[in-house]
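A short write-up of the structure that comes next.
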Amino acid sequence: MVNSVIAGLSSGGAYALLGLCVVLTYRLVAVVNFAMTAVGAMGAFVMVSLTDRGVNVWLALLIGAATAALLSGVFGAALVRWFAGHRERTKAAVTVALYVALTAIGVRLFGGNSTGAHRFPNPFGDPVVTVGSVVVPQSVPVAIGFALLITVAVGLLLTRTRLGLKLQALSERPGTAEVVGIPAPRLAVGVWAGVGAITMLVVVLVAPRLGGDFGTLSGLISTALAVAMVGAFRSLPLTLLGGLILGCLEGLSSSMDSIQKYQGVVPFLVILVLLWWRSRREVWDTAHSR
Amino acid sequence: MTAPALALAGVGVDRAEVQIIHDVSLDAAPGAVTVILGANGAGKTTLMDGIAGLAPLRSGTIRLDGKPIEKLAPYKRAWAGLGYVEQARTTFRTLTVEQNLLVSQSGDGDLGTVYRLFPELEKRRGLQAGHLSGGEQQMLVLGRALVSAPKVVLIDEMSLGLAPLVVRRLMGTVGELAGMGIAVVLIEQFANLALDIGTHAHVLRKGRVVFSGPCEELRGDEQRLHRLYFGGPPLSAAKTDAGAAESELE
Ligand SMILES: Nc1ncnc2c1ncn2[C@@H]1O[C@H](COP(=O)(O)OP(=O)(O)OP(=O)(O)O)[C@@H](O)[C@H]1O
Ligand SMILES: [Mg+2]
């Protein structure tokens with residue numbers, strides 16, 4: 001059982017990053033991006049299609065990430081261009097539509113559950129450390145390390161560079177930011193592109209574990225949203241923690257035969273519990289403010 | 001007379017699909033303070049938002065140094081040389097004083113100038129802007145407009161809620177901005193303070209200009225200002241215009 005929880009950490013690191021991407025998109029460009037993992041999956045499948053044809057893995061990874069960045073950037077530009085003044089829920093609805101469309105196209109192009117499971121390269125599958133009876137697969141340190149790397153890099157970008165400061169300003173007061181000369185539309189497209197590329201890398205990381213069909217990978221958005229909810233779409237540390245916990249929960253549930261087949265429900269349970277918890281607290285707060 | 005740095009012609013501005021500003025034409029000369037007065041709700045902020053691009057223009061043209069800017073996105077208007085100090089001291093609260101300046105700094109902008117004008121900002125450069133006093137926040141947003149090396153600066157309700165001493169000090173700074181050759185457009189609650197440092201004044205009522213003229217015409221004339229703000233029996237040619245405008249509105 002401990003083994004499965006530990007193994008769950010490798011998904012956890014990936015989920016943490018997906019949650020981070022959702023929260024960043026929400027905070028920086030004020031969009032809940034349901035299409036995020038579908039875009040990532042597109043990039044990932046461009047990559048495997050290339051490796052299947054014998055293209056070098058790293059080159060394929062680069063092309064896949066660039067594809068995801070481009071696709072995401074185009075979506076971002078479209079939202080900026082046509083939906084700038086609209087409500088958050090309208091923009092979210094647009095991304096839901098994009099998610100549905102992309103998933104349909106992806107399944108069509110790359111095959112669904114039964115037909116088209118692709119082989120994703122899995123260089124990190126072998127166990128590395130064995131502590132007593134506990135086996136730590138190599139994918140765990142890789143996933144956690146990657147999550148830390150991206151988090152630190154994003155953190156440094158936001159706090160140490162002028163570009164990052166502009167993004168923060170934009171997130172805090174979008175109108176004022178534009179008025180002082182911060183090119184909001186361009187930065188927004190940049191954020192979309194960056195998030196697209198990171199998501200693609202994460203999808204590639206988890207694909208060997210989850211099995212390589214498009215629907216599953218593009219459906220990772222439910223996990224990503226659950227994780228983002230742990231951080232209340234605001235807190236980056238809480239989001240990261242939420243990702244790790246969700247990964248462990250999933251690992252735990254996979255170790256118990258009786259509940260294993262409901263494993264996919266875990267994110268929804270987390271969402272439900274969080275919604276219930278928050279609404280309870282709201283009731284509590286309003287009761288007290290009266 | 002020098003060419004205006006900012007020239008509005010027939011400007012109409014909407015807010016939530018409702019036209020608030022009607023047919024405003026006015027100029028702001030470089031090196032001078034142009035004063036905009038009007039009662040609460042007259043539409044002063046809406047006009048400024050229209051000029052800066054935060055509220056949609058329904059009609060008219062806006063020229064900055066002769067070039068039309070009314071079709072540009074807000075940030076491009078800023079790049080063209082328009083600075084806008086919004087109402088209510090809109091600092092980026094989570095950024096430090098210096099970071100607030102850095103994000104709006106443009107090629108020719110200089111933090112040194114800001115720190116020379118406001119030494120207290122330099123002392124607090126590492127402090128989060130949200131922790132500054134009201135007066136210091138106002139200095140920061142003024143400074144933030146200045147580091148983008150603007151040709152025109154719009155200032156909305158600079159002295160709202162500030163102590164008289166601070167207000168007098170900031171008025172002095174506004175004069176200095178004009179001294180640097182910037183065209184300043186100043187909206188003020190304290191009409192007399194603004195009229196003291198201004199050259200031309202425009203009074204808005206219900207979204208229309210009901211007075212345009214030299215500041216000395218209004219200086220100290222509380223009664224006339226009151227009539228311009230709230231309407232009343234005609235007093236001058238400008239007033240008659242306003243009467244016509246009003247009947248059109250109602
Ligand atoms: N979002 C909005 N939707 C509809 N009407 C609005 C909106 N914002 C402002 N208004 C209306 O536009 C008019 C002008 O408002 P504005 O804020 O420009 O006035 P102001 O002259 O700046 O007033 P104050 O001196 O109080 O700042 C007011 O009647 C106000 O009610
Ligand atoms: Mg106002």
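Atoms considered below: every heavy atom in the structure, side chains included; atoms not considered: hydrogens, waters and symmetry mates. So that the names make sense, note that chain A is the first sequence line, chain B the second, and so on, each numbered from 1.
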When you check the side-chain N and O atoms of B/Thr91 and B/Asn100, is any donor under 3.5 Å from an acceptor? no

With respect to chain A, which residue among B/Leu82, B/Asp49, B/Val85, B/Leu95 yields the maximal number of heavy-atom pairs within a distance under 4.5 Å? B/Leu95

Is it the case that B/Tyr84 and A/Glu178 place a side-chain donor and acceptor less than 3.5 Å from each other? no

Counting only heavy atoms closer than 4.5 Å, note whether B/Arg77 contacts chain A via side chain, backbone, both or neither. neither

Sub-6.0 Å ring centroid separation between A/Tyr99 and A/Phe34: no

Under 4.5 Å from any heavy atom of chain A - which part of B/Leu54: side chain

Return the minimal non-hydrogen interatomic distance between B/Ser104 and B/Val147, and the atom names on each side. OG-CG2, 3.2 Å

